[in-house]
Structure formats: C-alpha cells, structure tokens
Amino acid sequence: MIKLNVNGHEHTWDGDPSLPLLWYLRDEAGLTGTKYGCGKALCGACTVHVEGQAVRSCITAMSAVAGQKVTTIEGLHPHGDHPVQKAWREANVPQCGFCQAGQIMQASALLEQNPHPSHEEIRESMAGNICRCGCYQRIETAIHIASTGV
Ligand code: FES
Ligand code: FES
C-alpha cells in the first residue's frame, strides 16, 4: 500500500507500484490538468511538483512518491491565482494550452528555488518544456513578470 499526499489530501494506492504517477493522477485521482505528451521525459507536459521539485510524472513510478507531497496544477493555488498563473494571464501566454500546466509547474518550481532568475537561468530551467505552438517568448515574459512584478 503506497500512501502519498496530493494537493493536501491523503491518497492510498494498492495497485501496481510501477504505475507512472501521471496515470495515477489522471485516471485514479481524476486530476486531468496534468497532460500526457511523450511518456519519455522529453516534453514536460506532465510536470508536477514532488516535495517542491519539478518532476516528470510520466516516468515517475508510484513507488517513488511513497510518503511524498505531490502538487499538480489543480493544487498550485485554490483559485488559480498563484503569482505565476497571474503573470501567465497578464502576458496572455497560452495558445492551444496543452503544454501550459507543465510550463507553469516548471516555472513555479524555478521561482520557488530562484525568485529572480536571469534570462539564461530561465531558458536553462525551461529548456525541457516543449511548446508546439511556440509560445516561448511569452512564457519567458510571464516568468519575468512573476519574478519582478513588472
Ligand atoms: S509526457 Fe512526460 S515529459 Fe512528455
Ligand atoms: S500552447 Fe500549444 S503546445 Fe504550448
């Protein structure tokens, strides 16, 4: 039996311990904000926080999150008003939206660890999050807004 905390709620899983966290979140917990893109840690669409760190849930087994705190896009802020989410709206970032939960989770983990990242640090941290709509400029703008308030 695996116990974990998801968005402040205690969960238990007595199924396959090798099940990827992504599928537990989407299919068992009904938290469909976290997206499946590649399943191979190549796109970042499935990014969530585990103990505050950005991780790719598609390659993270349930056994690896036993006793851990997991945060998904649904748990980032109760009303969608995390500073990164506000900045995302201000910069009008999304196009199709598919990659955006992963982008926001990656960016919010970055700012938690480095509240005022440089251009280079933003690009380095966000390099593994692919946006097929090419919203990279606005993503970077939004991260600057969230980090500087301007
Ligand atoms: S679905 Fe996990 S990185 Fe692409
Ligand atoms: S907004 Fe469409 S993939 Fe990023």
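Numbering of ligands and ligand atoms starts at 1, following listing order.
A salt bridge between Lys3 and Glu10 is absent, with no side-chain N of the basic residue lying under 4.0 Å from a carboxylate O of the acidic one.
For Glu51, the CD atom sits in a packed shell: over 12 heavy atoms of surrounding residues, nucleotides or ligands are nearer than 6.0 Å. For CZ of Arg132, the number of neighbouring non-hydrogen atoms (other residues, nucleotides, ligands) closer than 6.0 Å is 12 at most.
Between the side chains of Gln100 and Trp88, at least one donor N or O lies within less than 3.5 Å of an accepting N or O.
Taking a cut-off of under 4.0 Å to the non-hydrogen atoms of Ala41, the atoms of ligand 1 that pass are 3 (S). Of all atoms in ligand 1, listed by their number and element, those nearer than 4.0 Å to a heavy atom of Gly39 are 1 (S), 4 (Fe). In summary, the atoms of ligand 1 found under 4.0 Å from a heavy atom of Leu42, numbered by their order in the structure, are 3 (S). The atoms of ligand 1 that sit less than 4.0 Å from any heavy atom of Cys58 are 1 (S), 2 (Fe), 3 (S).
Ring pair Trp13/Tyr24 is perpendicular by interplanar angle, where above 60° counts as perpendicular and below 30° as parallel.
Without hydrogens or angle criteria, Glu140 side chain to Ile122 main chain gives no donor-acceptor distance under 3.5 Å. A donor-acceptor pair is defined here as one N or O able to donate and one able to accept, closer than 3.5 Å; such a pair exists between the side chain of Ser57 and the backbone of Cys46.
Contact annotation: Cys38 places no N, O or S atom under 2.8 Å from atom 2 (Fe) of ligand 1. Distances from atom 4 (Fe) of ligand 1 show that Cys46 has no N/O/S atom below 2.8 Å.
Across all non-hydrogen atoms, the minimal contact from Ala142 to Ala87 is O-CB, 3.2 Å.
Evaluated for a side chain to side chain contact (heavy atoms under 4.5 Å, CB included) with Ile73, the options His82, Gln103, Gln85 yield exactly one hit, Gln85.
Using a heavy-atom distance under 4.0 Å as the criterion, the protein contacts of ligand 2 are Gln95, Cys96, Gly97, Cys99, Gln100, Cys131, Arg132, Cys133, Cys135.
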